[in-house]
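It should be emphasised that the depicted structure is a prediction, and the values quoted were computed from it without experimental measurement.
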Protein chains: 2
Amino acid sequence: MQWFRDRCAEAGLPCTHQRQVLYRALLEAKDHPGPEMLYERVKRDIPSVSLGTVYRNIKTFLDNGLIGEVSLHHGPLRLEANNTPHHHLVCRVCRKMFDLPAEQVESIHLREALPKGFHLERFVVEAHGLCAGCAAPKRTGRTH
Amino acid sequence: MQWFRDRCAEAGLPCTHQRQVLYRALLEAKDHPGPEMLYERVKRDIPSVSLGTVYRNIKTFLDNGLIGEVSLHHGPLRLEANNTPHHHLVCRVCRKMFDLPAEQVESIHLREALPKGFHLERFVVEAHGLCAGCAAPKRTGRTH
DNA sequence: TGACGGATGAGAATAATTCTCATCTAATAG
DNA sequence: CTATTAGATGAGAATTATTCTCATCCGTCA
């Protein structure tokens, strides 16, 4: 929590009660919760909190790197007909995706066993980075 | 396309004009489009098509394994405060997620260079499969 | 061709997220 | 410690994404 307050100060973000409770809720969560879930948890401490505040602060935290999103793929469904084994290159900024044939990636090895009870089916690999357009200097905005 | 018609027959799905045009649109797409995008493309051939039909058939295709979704993470945002390098175990059925420390996975190697212009930042690995609850026999439903 | 079960189009309903604005509060200066 | 003020908050409307309902239509099989 002290780390959180320091980062808020650095970023020039007022360290409000709502923000602290929200951040703590996420710190203590082990289940990768979504906004609705966090809203429920924050409400236990601040019954008057609004869902809008939760969304607003989640976005603020993400923009400042205080928290992370589990995947770049939330939001609208994205589809493909390609049924050959393959992975993806994903642009962190514009979220364009390109196929990466499975043979191009050496197979994944674990150093320790997975937690007991989980039945592994396959490994999915994503190469995250910047696509040609977004990596080009001088241009900041996302393409979509 | 013949493959598509055969699979429809196997699955007992009427092979309607809308379905064929939708499937072809996705076959030809290289950009991992979403429903809205596919709707636009199908409309070029069938101006009267409805968005509901596009959504309905996308779901039908997914349920029958005719097409794939790019990631298990579309839908509501999922968050985490854990800022140590780590990957995730993801249950294909209930979509619960568990952390997998980065050290537990041997580093990724490519057999060929990535397409020129893509600036790689990191590899994200996801272990997809069934969690203990969903792998248990006799129970089919997802937990959420 | 005829019958019928499932598919379609239109639009309402629901879920997920963002926005607007009047009011309030954390941070800073006095 | 109080005043100031930029930015945060709560309420609820607006927007976007997706699913559902139902009357009508069409692909499949006999």
Atom-to-atom span, [atom1] of [X] to [atom2] of [N] - whole angstrom:
{"X": "B:Met37", "N": "D:dA17", "atom1": "CE", "atom2": "C1'", "value": "15 Å"}
{"X": "B:Phe61", "N": "C:dG6", "atom1": "CZ", "atom2": "C1'", "value": "14 Å"}
{"X": "B:Tyr39", "N": "D:dT19", "atom1": "OH", "atom2": "P", "value": "16 Å"}
{"X": "B:Gln20", "N": "D:dC26", "atom1": "CD", "atom2": "P", "value": "15 Å"}
{"X": "B:Asp63", "N": "D:dT19", "atom1": "CG", "atom2": "P", "value": "11 Å"}

Seminar exercise, completed: Its contact letters, B for base, S for sugar-phosphate only and - for none at protein heavy atoms under 4.0 Å, make nucleotides 7-22 of chain C read SBBS-----SBB----

Is the shortest heavy-atom distance from the side chain of [X] to the side chain of [Y] under 4.5 Å?
{"X": "B:Leu110", "Y": "B:Phe123", "answer": "yes"}
{"X": "A:His17", "Y": "A:Asp45", "answer": "no"}
{"X": "B:Lys96", "Y": "B:Leu89", "answer": "no"}

Exercise. Charged N to carboxylate O below 4.0 Å: is that the case for B:Arg95 and B:Glu69?
Worked result: yes

Seminar exercise, completed: Angle separating the five-pair end axes of the helix from C:dT1-D:dA30 to C:dG30-D:dC1, nearest 10°, is 40°

Look up atom [atom1] in [X] and atom [atom2] in [Y], then write down how far apart they are to the nearest 0.5 Å.
{"X": "B:Leu114", "Y": "A:Gln104", "atom1": "CG", "atom2": "CD", "value": "6.5 Å"}
{"X": "A:Arg19", "Y": "A:Thr53", "atom1": "CZ", "atom2": "OG1", "value": "9.5 Å"}
{"X": "B:Thr60", "Y": "B:Ile67", "atom1": "OG1", "atom2": "CD1", "value": "9.5 Å"}

Exercise. Sub-3.5 Å donor-acceptor pair from the side chain of B:Glu121 to the main-chain atoms of A:Leu130, do we have one?
Worked result: no

